[in-house]
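Below is one structure; the comments refer to it alone.
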Protein chains: 2
Amino acid sequence: MGLGNSPEQTFERRRQRPLVLEVRDELERIILDGEIAAGERLNEAELAAQMGVSRGPVREAARTLAHDGLLTTVANQGVFVRELSIEDALELYDLRALIAGYLCARVADRAERRINADLRRAVTEMARAIEDSDESRYFALNLAFHDRIADAAVATRARRLYLSLGKEVRLLRRRVLCGQSSLRVSNQEHGRIVDAIEAGDVEAARAAGTIHHLNGKTRLTETL
Amino acid sequence: MGLGNSPEQTFERRRQRPLVLEVRDELERIILDGEIAAGERLNEAELAAQMGVSRGPVREAARTLAHDGLLTTVANQGVFVRELSIEDALELYDLRALIAGYLCARVADRAERRINADLRRAVTEMARAIEDSDESRYFALNLAFHDRIADAAVATRARRLYLSLGKEVRLLRRRVLCGQSSLRVSNQEHGRIVDAIEAGDVEAARAAGTIHHLNGKTRLTETL
DNA sequence: CAACGAAATATTGTTGACAATCGACATTTT
DNA sequence: AAAATGTCGATTGTCAACAATATTTCGTTG
């Protein structure tokens, strides 16, 4: 059905993809982009009007986001974007490190050559981005790298969790300061992860994946 | 809070506790008790009528449960109770083991004497239940034991995850066969967890907690 | 008799309206 | 003047009706 690029495409998509999902994505974007500050209330009617839908889908979407930890609900008062405490953020880093280690271990256990090649290539590309001082490119590649691992692990639930925790931690609107040197260190860790995966060393892969993420945590604590 | 036991308590609580939460609990019970078989569709209107509410709250509750992995939604077809594959269940066991280890490690790190005493007592009580061949009592105590650890870890997100994963795995409606001997083994593991926590040995506690849950996994695979 | 197709039915998706509740401001009382 | 109380506007919680979609039924046809 790649033909339907007619004017009524939006209409078509609305039928195939329930409004709730569209609304959810948009709400998520609004929250993660900080368009509504932490602690602020979400006005259902206003948001609904803004998106051109009714309050129903907005409520449903908000409910799921609240369950994801991006919003907090207060009875008869509405939903507020969650204020993430430092302690909460640190716990999130821990959990994410745990899951990441698990994913790496699974990938190492499966040992598929194509994936290994992909990962290795990603690491060299990131190294190039660092030399070019192209931070934004590095971040994009870094994201893709970890996504690739999550995919390759064939662990649906863990993958979902990993992504969800990643979004949740973004509520802490801190810039992780990354000079060129720390990027190099980070990419060395990537290299170690791929080494372990290629070697099929499950426990080494787990450790490398976990440590890599825990280092992100310590980098956060250092900025306090 | 022994005060509000007046006749209009139900009325009060309805106002303080949105319908959506009540509906959610009831839906969860229906699913986990297997009153609707895996793969079956949930009829919104029917359930709403059954609970004496409108479809709105039912829909919202269903969304959150779907997001928890207890239901799957298909556009324009509704929500179905999830059919958990063996692979999914095994992954859930892994994740739960990971989180459990993390929780144990945190408790060991905090090292509060009162908690240690509680846990130790729970272990001896479980031992008594085993000698009395009182399985249901053992299960209740076991649940309380792990809840206590999750509480004591002061890790809100991890605790929520742990509980959520526990519910999710119940979708596999397999009886974990537990003779008296395997209960003894299980409780020995409990003992080891408490030992490590009392000793303040973080890594030992993590390992003990993880292994204890992974043993549950192997017990499952053995029944296949 | 099986296969196909079209009406009929059932169910979900969405909406707008109504009721209940909360916060803020004005008013009254001490 | 300060505290308590009453009222008003705004917002959430809930509902019932409407529109869109999927499933079933039943008649028709090759």
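We name chains A, B, ... by the order of the sequence lines, and we start the count at 1 in each one. Fair warning: this is a prediction, and the values are worked out from it, not measured in the lab.
Side-chain atoms of A:V123 and A:E189, non-hydrogen and from C-beta on, never get closer than 4.5 Å to each other.
For B:R137, the side chain to side chain donor-acceptor pair (under 3.5 Å) partners two or more places apart in sequence, or in a different chain, are B:E125. With sequence neighbours excluded, the residues that form a salt bridge (charged side-chain N to carboxylate O under 4.0 Å, His left out) with B:R82 are B:D88, B:E168. Residues satisfying the ring-ring contact (aromatic ring centres under 6.0 Å, His included) test with A:H213, not counting sequence neighbours, are A:H146, A:Y162. Evaluation of the salt bridge (charged side-chain N to carboxylate O under 4.0 Å, His left out) rule for B:D151 yields B:R159 as partners, not counting sequence neighbours. B:R113 pairs by the salt bridge (charged side-chain N to carboxylate O under 4.0 Å, His left out) definition with nothing, not counting sequence neighbours. With sequence neighbours left out, B:Y102 forms a ring-ring contact (aromatic ring centres under 6.0 Å, His included) with no residue at all.
Residue pairs that meet the salt bridge (Lys or Arg N to Asp or Glu O under 4.0 Å) test with at least one member in residues 89-106 of chain B, sequence neighbours left out, are B:D94-B:K217.
Within residues 53-72 of chain B, the residues that have a heavy atom under 4.0 Å from DNA chain C are, in order of number, B:R55, B:R59. Of all the residues in residues 23-44 of chain B, not one reaches under 4.0 Å from DNA chain D with any non-hydrogen atom.
Residue B:Q77 has no polar side-chain atom (N or O) positioned under 4.0 Å from OP1 or OP2 of D:dT21.
Following rounding to the nearest Å, B:N76 (CG) and D:dA22 (P) show an atom-to-atom distance of 5 Å. As rounded to whole Å, 20 Å separates atom P of D:dG9 from atom CD of A:E46.
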